[in-house]
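Input: a single structure, listed below in C-alpha cells.
Heavy-atom basis, side chains included; hydrogens, waters and symmetry copies ignored.
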Amino acid sequence: MFWFMQGLCALPAFLVVWSSCTFIISYLIALFRQDVDVLFPYISDTGANPPESCIFGLMAFISACAGIGTIYARYKFVDKLSEDNGVVKPSLNQAALGLGMISCLGMCIVATFQETTVTIVHDIGAMLFFVSGVSYIILQTVISYKASPFGSSMSVFWARAFIALVATLAFFPTVICAFFVQQTELHHHKEDQDYPYHVASAVCEWIVAFSFVCFFLTYIHDFKMFTLQVRTEYAD
C-alpha cells in the first residue's frame, strides 16, 4: 500500500501541495505578465489582475475547502482520542475547530474579493484568515502536547511549536508594517518612503502563509492512523 493510501493522510497531503501551488502559480503568472515586482510582492498582489486573479481565486477556494475537510478530520481524531483517553478537553478541541473554520472562511473571502476592487472586504478576509489561522495552530500545538503520546510524538509537538512560534512572530510585522504602507499600486520602488515597511510586511506575510502549509504537513503522519466513515440512518 502506498503511503498516501494509509488512513486519511491524502487529505493533508493534497492541502499542502495544492496550497503551495496556489501561491506559487499565481505569483509566476503575475511575474510573467509583469503585474508585480520580482521581489517582495504581497500574496494578494499576485492575484489582483486577470487572468491570475481567476486562477488564484479558484485555487484558493479549493484550498479552503480542503482546509475545512482537514480541520474537521483533525477535530474528529482528537475527539476520538479524548473519548478513549480523556487527554484533551472537548471545549479546547471545539475552539480549535471554530477558529479553523473561520480561517477558511477568511480565505474564501480573500479568494472572492480582490484587493484592487473591494479592498475593505478583502482586508477583512485577510485578517480573519491570518488571526484565526495563527490562533488555530497555537491551539493545535497545545492539543498535540496534551495528546502526546496517544495522538503524536513529542518530536511532532516540538516541530509544531516551532512553526507556531515562527507564524506568531511573523504575524505582527505583517499587520503593523502594513498600516504604514500608503501606496496602493502593485509595483513598489526603493525610492518610496514606505518601501521598507512594504518589504517587511510582504516578507512576513509569505512566512506566515507557508507556516500554515508546513503545519498541515505535520498532520500527514497522524492522519495515517484513522479513517472517517459516514453512517446513514432512517429518521424516526
Side-chain angles (χ1 to χ4, degrees), residues 8-9 11-20 22-23 43 60 62-79 81-82 87-111 124-176 178 201 203-226:
L8 288 177
C9 70
L11 189 56
F14 172 78
L15 176 59
V16 167
V17 173
W18 189 268
S19 298
S20 301
T22 300
F23 301 137
I43 295 175
I62 295 175
S63 293
C65 293
I68 290 172
T70 303
I71 289 167
Y72 180 74
R74 170 69 179 176
Y75 164 77
K76 295 298 292 183
F77 174 55
V78 174
D79 184 57
L81 287 177
S82 300
V87 291
V88 179
K89 292 182 179 179
S91 58
L92 181 62
N93 193 26
Q94 291 167 5
L97 173 66
L99 288 169
M101 294 300 174
I102 293 173
S103 181
C104 291
L105 172 63
M107 191 171 191
C108 289
I109 295 174
V110 169
I124 291 174
M127 286 298 295
L128 283 176
F129 173 65
F130 283 114
V131 173
S132 300
V134 170
S135 301
Y136 171 77
I137 66 174
I138 290 174
L139 286 188
Q140 283 297 339
T141 302
V142 174
I143 289 173
S144 299
Y145 176 77
K146 291 181 175 294
S148 178
F150 302 103
S152 57
S153 64
M154 286 301 294
S155 59
V156 173
F157 158 73
W158 285 113
R160 290 174 181 168
F162 174 75
I163 295 170
L165 178 62
V166 171
T168 303
L169 294 177
F171 167 75
F172 291 103
T174 301
V175 177
I176 295 173
S201 180
V203 169
C204 289
E205 182 189 44
W206 281 91
I207 292 174
V208 174
F210 275 95
S211 294
F212 294 162
V213 173
C214 293
F215 193 88
F216 284 114
L217 184 65
T218 67
Y219 277 6
I220 292 178
H221 182 268
D222 294 357
F223 276 49
K224 291 180 180 179
M225 297 187 290
F226 71 97

[atom1] of [X] to [atom2] of [Y]: how many Å apart, nearest 0.5 Å?
X	Y	atom1	atom2	answer
I62	L15	CD1	CG	12.0 Å
L81	K76	CG	NZ	12.0 Å
L97	I68	CG	CD1	10.0 Å

Report task. Mind running side-chain contact (heavy atoms from CB on, under 4.5 Å) on S144 and V156 for me, showing each step along the way? Result -> CA-CA 8 Å; S144 299; V156 173; 5.6 Å; no
If you compare all heavy atoms of [X] against all heavy atoms of [Y], which two are closest, and at what distance to 0.1 Å?
X	Y	value
C204	A170	CB-O, 3.2 Å
V87	A147	CG2-CA, 3.9 Å
I43	A209	CD1-CB, 3.5 Å
L11	A66	CD1-O, 4.4 Å
A167	I137	CB-CD1, 3.6 Å

Taking side chain to side chain donor-acceptor pair (under 3.5 Å) as the test, write out the residues that go with [X], two or more places apart.
X	answer
T22	S63
S153	S155
S201	Y42

By side-chain contact (heavy atoms from CB on, under 4.5 Å) - contacts of [X] (at least two apart):
X	value
I176	F172, F180
L139	L92, A95, A96, L99
L217	V16, I220
A111	A60

Query raised in the report: Counting only heavy atoms not in Y72, do more than 12 sit closer than 6.0 Å to its OH atom?
Result: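 At most 12 heavy atoms, drawn from other residues, nucleotides or ligands, come within 6.0 Å of this atom.
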Side-chain touch [X]/[Y], heavy atoms, less than 4.5 angstrom:
X	Y	value
F77	L8	no
F23	F210	yes
F215	F212	no
R74	I143	yes
F171	V166	no
Y136	T141	no

Query raised in the report: Under the ring-ring contact (aromatic ring centres under 6.0 Å, His included) rule, what pairs show up with a residue in residues 139-160, not counting sequence neighbours?
Result: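 The answer is Y145-F157.
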Query - Inter- and intrachain pairs under side chain to side chain donor-acceptor pair (under 3.5 Å), touching residues 90-110, at least two apart - result: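 Not a single pair qualifies under side chain to side chain donor-acceptor pair (under 3.5 Å).
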Give every donor-acceptor pair under 3.5 Å between a side-chain atom in residues 126-134 and any protein atom, sequence neighbours left out.
from : atom 1 : to   : atom 2 : distance (Å)
S132 : OG     : L128 : O      : 3.0

Report task. Measure up the F223 and Y219 rings against each other and bin them: parallel (under 30°), tilted (30 to 60°), perpendicular (over 60°). Result ->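 Parallel: the ring planes of F223 and Y219 meet at under 30°.
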Query raised in the report: Tell me the salt bridge (Lys or Arg N to Asp or Glu O under 4.0 Å) pairs involving residues 134-160, sequence neighbours left out?
Result: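 Residue pairs passing salt bridge (Lys or Arg N to Asp or Glu O under 4.0 Å), neighbours aside: R160-D222.
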Requested in this report: Only counting residues at least two apart or in another chain, list the ones meeting ring-ring contact (aromatic ring centres under 6.0 Å, His included) with W206.
Outcome: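 Here no residue qualifies.
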